[in-house]
Amino acid sequence: MEQDYLLLYKTLFDHYGPQNWWPADTPLEMMIGAILVQNTNWRNVEKALIKLRPYLGAEALDRLQEEELAQLIKPSGFFNIKAKRIKSFIQWWKQYNFSLNRVKKLEKETLRKELLNVHGIGRETADVMLLYALDKAVFVVDAYARRIFYRIGYDMPNSYDQFRLEVEQTFPEKLDVFNEFHALLVEHAKQYCRTRPLCDKCPLSSICKKRVEGD
DNA sequence: GTCCGGTGTC
DNA sequence: GACACGGGAC
């Protein structure tokens, strides 16, 4: 079998168990976290979220000055850019009166296009929002997924959407599978499949070709 | 390809 | 000290 995504998923799930993502109390917190975590360590995002907690309501964030917001989220890095991005996102959501249900009623592809149209929301951020806050079944292609799939030996498309669709075809509309899959890949990338991989005792040893980047 | 950026880790 | 980090815009 060339590229057995189901086997990969099962192997990860058997080892790590259910992850029950995303780590957030509310959909808003989830979506803000998605912006804050762009190319940033999650630990730094948690620090920013703690400072931001008193303002973690759509109206409160809308009222907050961008400069003030930037200061609050400083620990997450790229704070000026991210403050702008959060503002853009809130402005977009405001069109729906900050109603999650109204947004969730939109078609998956329609909603993705709308999110991609928001300044500061790219494919990955849009997809994690779709998956973890808006109940849309999408496979998230992040740097970890690319790294892990590559090292295992899977020959994946370079294009984000081609990569995504390739995996999605294996699990059509399986919301909870995509939910767990992305979380498991992140966990695995943190624990074993790091920049410097820890291949000894890696739970994927039996199915991994241990390919090295730059071949 | 380059910039944005604070916070861990090696 | 360099380097990496649930990316995206320019």
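Just so you know, these numbers come straight off a predicted model, no measurement behind them. Each chain gets a letter, A, B and so on, in the order its sequence line appears, and its residues count up from 1.
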query: P atom, C/dG8 versus B/dT7: distance in rounded Å?
result: 23 Å
message: From CD1 of A/Ile50 over to P of B/dT7, roughly how many Å is that when rounded to an integer?
response: 13 Å
- prompt: Taking the side chain of A/Asn41 as its heavy atoms from C-beta onward, which of C/dG7, C/dC5, B/dG5 lies nearest to it?
  reply: C/dC5
task: Round to the nearest Å and state the distance from A/Arg194 atom CZ to C/dC3 atom C1'.
output: 14 Å
- request: Would you indicate what A/Lys190 reaches in the nucleic acid, counting non-hydrogen atoms under 4.0 angstrom: base, sugar-phosphate, or nothing?
  value: base
field: Residue whose nearest DNA chain C nucleotide is more 5′ - A/Arg147 or A/Gly120
entry: A/Arg147
message: Using a heavy-atom cut-off of 4.0 Å across all strands, would you classify A/His119 as base, sugar-phosphate, or nothing?
response: sugar-phosphate
- prompt: Less than 4.5 Å apart, any side-chain heavy atom of A/Asn44 and any of A/Lys74?
  reply: no
field: Residue closer to the 5' end of DNA chain B, A/Arg43 versus A/Asn80 (nearest nucleotide)
entry: A/Asn80
statement: Against the side chain of A/Arg85, the closest entry in C/dA9, B/dG5, B/dT7 is C/dA9
- line: All heavy atoms of A/Leu116 vs all of A/Ala126, minimum pair found to be CD2-CB, 4.0 Å
- request: Answer with base, sugar-phosphate or nothing: what part of the nucleic acid does A/Arg196 contact at a heavy-atom distance below 4.0 Å?
  value: nothing
query: Can you tell me how far P in B/dG5 sits from the matching atom in C/dG1, rounded to whole Å?
result: 23 Å
- request: Indicate, with a heavy-atom threshold strictly under 4.0 Å, whether A/Ile121 touches base, sugar-phosphate, or nothing.
  value: sugar-phosphate
message: Nearest whole Å is fine: how far is B/dG5 C1' from A/Lys74 NZ?
response: 10 Å
query: Does the B/dG6 base have a donor-acceptor partner in the side chain of A/Asn44 within less than 3.5 Å?
result: yes
field: CE-CG distance between A/Met30 and A/Leu28, expressed to the nearest 0.5 angstrom
entry: 10.5 Å
task: Compare all side-chain heavy atoms of A/Leu184 with those of A/Phe13 and state whether any distance is below 4.5 angstrom.
output: yes
- prompt: With a non-hydrogen cut-off below 4.0 angstrom, is A/Gly122 in contact with a base, only sugar-phosphate, or nothing?
  reply: sugar-phosphate
message: Go nucleotide by nucleotide along DNA chain B from the 5' end; which of A/Lys47 and A/Ser76 gets its closest nucleotide reached first?
response: A/Ser76
- request: For A/Gln38 and C/dG8, give me the distance from atom CD to atom C1', rounded to whole Å.
  value: 6 Å
- request: Answer with base, sugar-phosphate or nothing: what part of the nucleic acid does A/Phe79 contact at a heavy-atom distance below 4.0 Å?
  value: sugar-phosphate
- request: Would you mind reading off the distance between A/Gln191 atom CD and C/dC5 atom P, rounded to a whole angstrom?
  value: 16 Å
Whole-Å distance separating the CD atom of A/Glu46 from the P atom of C/dC5: 17 Å
task: Please step through ring pair (Phe, Tyr, Trp, His ring centres under 6.0 Å) for the pair A/Phe163 and A/Phe149, ending with a clear verdict.
output: CA-CA 10 Å; A/Phe163 192 130; A/Phe149 279 55; 5.3 Å; yes
- prompt: Once you round it to whole Å, what is the distance between P of B/dC4 and CG of A/Asn39?
  reply: 14 Å
query: What is the nucleic acid contact for A/Thr195, judged by heavy atoms within less than 4.0 Å: base, sugar-phosphate only, or nothing?
result: sugar-phosphate
query: Just one of A/Trp22, A/Phe171, A/Phe139, A/Trp21 clears the ring-ring contact (aromatic ring centres under 6.0 Å, His included) bar with A/His182, so which one?
result: A/Trp21
query: Nearest-Å distance, CG (A/Leu115) to C1' (C/dG7)?
result: 15 Å
message: Any base atoms under 4.0 Å from A/Arg146, or only sugar-phosphate, or nothing? Heavy atoms, all strands.
response: nothing
